[in-house]
Amino acid sequence: MLAAATSAGWVDAVVGGGGLIQVPALLLVSPGQPVATALATNKLGSIAGTTSAAVAYARKAKPDVRIAGPAAALAVCCAAGGALCAAAISSEVLKPVIMVVLLAVAALVVLKPDLGRAPRLVLRTRRRIGLAIVVPGVAIAFYDGLVGPGTGTFLVIAFTALLGLDFVDASATSKIINAGTNLGALIVFAAQGHVLWALGLGMAVCNAAGAQLGARTAINRGTGFVRIVLLCAVAALVLKMGYEQFA
């Protein structure tokens, strides 16, 4: 479990998708526990990783703090709202929609090879800035609390498309919001008594260590490396959700 947390921290720090590793591992080691327990304990491990990655990125990359700050504050509340609604809305209904969105993300990255490779100059109108705050801080944060898979990937694409950031700076910015989404969902899950605290705290230490390594790898290897990991993460998400939906 600790090895899974370390690997998840690395993947999450580069481009998101660490839940693909942590959640299945938690379901394996805690048979008989509700799925909410695995999701809740995953959030405890992930919040340490995303916070650690945000600090690592801030030292060498260029996160857009003016956008990330308000978006992260919104994300805490909206992710909590998503977690509260998780029991009322079946994720099985949402999975086909999410798969289509993920395939659209993959197509965008493949068909536009220059996307995220270098910063793009975009005119930051009030509307664009508003979208850059609301889409990650409200829509994606609510999704993270409700379902979760692919949140980091969606955040990276949102900041690349809306603000013209390259993949490394978009990853740096997304970690700030991702820390907020994890905190909001964790508060709700903890209040409901779903968190396995001893296991989750051990995972948090390992996740943070993996995140430090992942952030440094992304910074040192550059945007081309992040692009490849992003496509791999999207492919893994689509295959996992397709298997769960149709197998």
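Just so it is clear, the structure is predicted and the values come from calculations on it, not from any experiment.
Of the inter-residue distances, the one linking Phe225 atom CZ with Ile228 atom CD1 reads 7.5 Å to the nearest 0.5 angstrom. The distance from the SG atom of Cys206 to the CG atom of Leu201 is 11.5 Å, given to the nearest 0.5 Å. The CG atom of Asn42 lies 11.5 Å from the CD1 atom of Ile47; values are rounded to the nearest 0.5 Å.
The side-chain contact (heavy atoms from CB on, under 4.5 Å) test applied to Val76 returns Leu183, not counting sequence neighbours. Applying the side-chain hydrogen bond (donor to acceptor under 3.5 Å, both in side chains) test to Thr151 and every residue at least two apart in sequence or in another chain returns Asp144. Looking at residues two or more places apart in sequence or on another chain, you find a side-chain contact (heavy atoms from CB on, under 4.5 Å) between Ala208 and Ala48, Ser52. Remark: Asn178 engages Thr181 in a side-chain hydrogen bond (donor to acceptor under 3.5 Å, both in side chains) (not counting sequence neighbours). In this structure Thr160 satisfies the side-chain hydrogen bond (donor to acceptor under 3.5 Å, both in side chains) test with no other residue, sequence neighbours excluded. Thr50 meets the side-chain hydrogen bond (donor to acceptor under 3.5 Å, both in side chains) test with Asn182; sequence neighbours excluded. Taking the ring-ring contact (aromatic ring centres under 6.0 Å, His included) definition, one finds that Phe189 meets it with nothing, sequence neighbours left out. The side-chain contact (heavy atoms from CB on, under 4.5 Å) test applied to Ala56 returns Gln212, Ala215, not counting sequence neighbours.
Under a hydrophobic-cluster definition in which Ile, Leu, Val, Met, Phe, Trp and Tyr are linked whenever side-chain heavy atoms come within less than 4.5 Å, directly or via other members, Leu74 and Leu131 are assigned to the same cluster. Grouping the Ile, Leu, Val, Met, Phe, Trp and Tyr side chains by contacts below 4.5 angstrom, directly or via other members, places Val205 apart from Val11. Leu231 and Leu155 fall within a single hydrophobic cluster, where Ile, Leu, Val, Met, Phe, Trp and Tyr side chains are chained together by heavy-atom contacts under 4.5 Å. Under a hydrophobic-cluster definition in which Ile, Leu, Val, Met, Phe, Trp and Tyr are linked whenever side-chain heavy atoms come within less than 4.5 Å, directly or via other members, Leu103 and Phe154 are assigned to the same cluster. If you chain together hydrophobic residues whose side chains sit under 4.5 Å apart, Leu108 and Leu165 fall into the same group.
Scanning all heavy atoms of the two residues, the minimum distance from Val122 to Leu163 falls at CG2-O, 3.3 Å. Taking every heavy atom of both residues into account, Ala40 and Leu186 meet most closely at O-CD1, 3.9 Å. Summarising the geometry of Ala80 relative to Val188, their closest heavy-atom pair is O-CG2, 3.5 Å, with the distance given to 0.1 Å. The two residues Ala204 and Leu44 come nearest to each other via the heavy atoms CB-O, 3.8 Å. Residue Ala61 comes nearest to Ile219 through the heavy atom pair N-CD1, 4.5 Å, listed as atom of the first residue, atom of the second, then distance. The shortest non-hydrogen separation linking Phe159 to Pro136 is CZ-CG, 3.7 Å.
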(request) Determine, step by step, whether Leu199 and Leu26 satisfy the side chain to side chain contact (heavy atoms under 4.5 Å, CB included) criterion, reporting the C-alpha distance in whole Å, the side-chain angles of both residues, the deciding distance to 0.1 Å, and the verdict. (result) CA-CA 10 Å; Leu199 177 59; Leu26 278 163; 3.7 Å; yes
Report all side-chain donor-acceptor pairs from residues 1-9 shorter than 3.5 Å, counting only partners two or more places apart or in another chain.
from: Thr6; atom 1: OG1; to: Leu2; atom 2: O; distance (Å): 3.0
from: Ser7; atom 1: OG; to: Ala3; atom 2: O; distance (Å): 3.1

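A distance-only check finds a donor-acceptor pair linking the side chain of Tyr57 to the backbone of Ala13 [under 3.5 Å]. In this structure, Ser171 contributes its side chain and Val14 its backbone to a donor-acceptor pair below 3.5 Å. Between the Thr41 side chain and the Leu196 main chain, a donor and an acceptor come within less than 3.5 Å of each other. A side-chain donor-acceptor contact under 3.5 Å links Lys175 to the backbone of Asp12.
Among residue pairs with one or both ends in residues 219-239, none qualify as side chain to side chain donor-acceptor pair (under 3.5 Å); sequence neighbours excluded. Among residues at least two apart or in separate chains, side chain to side chain donor-acceptor pair (under 3.5 Å) pairs with a member in residues 60-75 are Asp64-Arg124. Each side chain to side chain donor-acceptor pair (under 3.5 Å) pair with one or both residues in residues 183-209, not counting sequence neighbours, appears once here: Gln22-Asn207.
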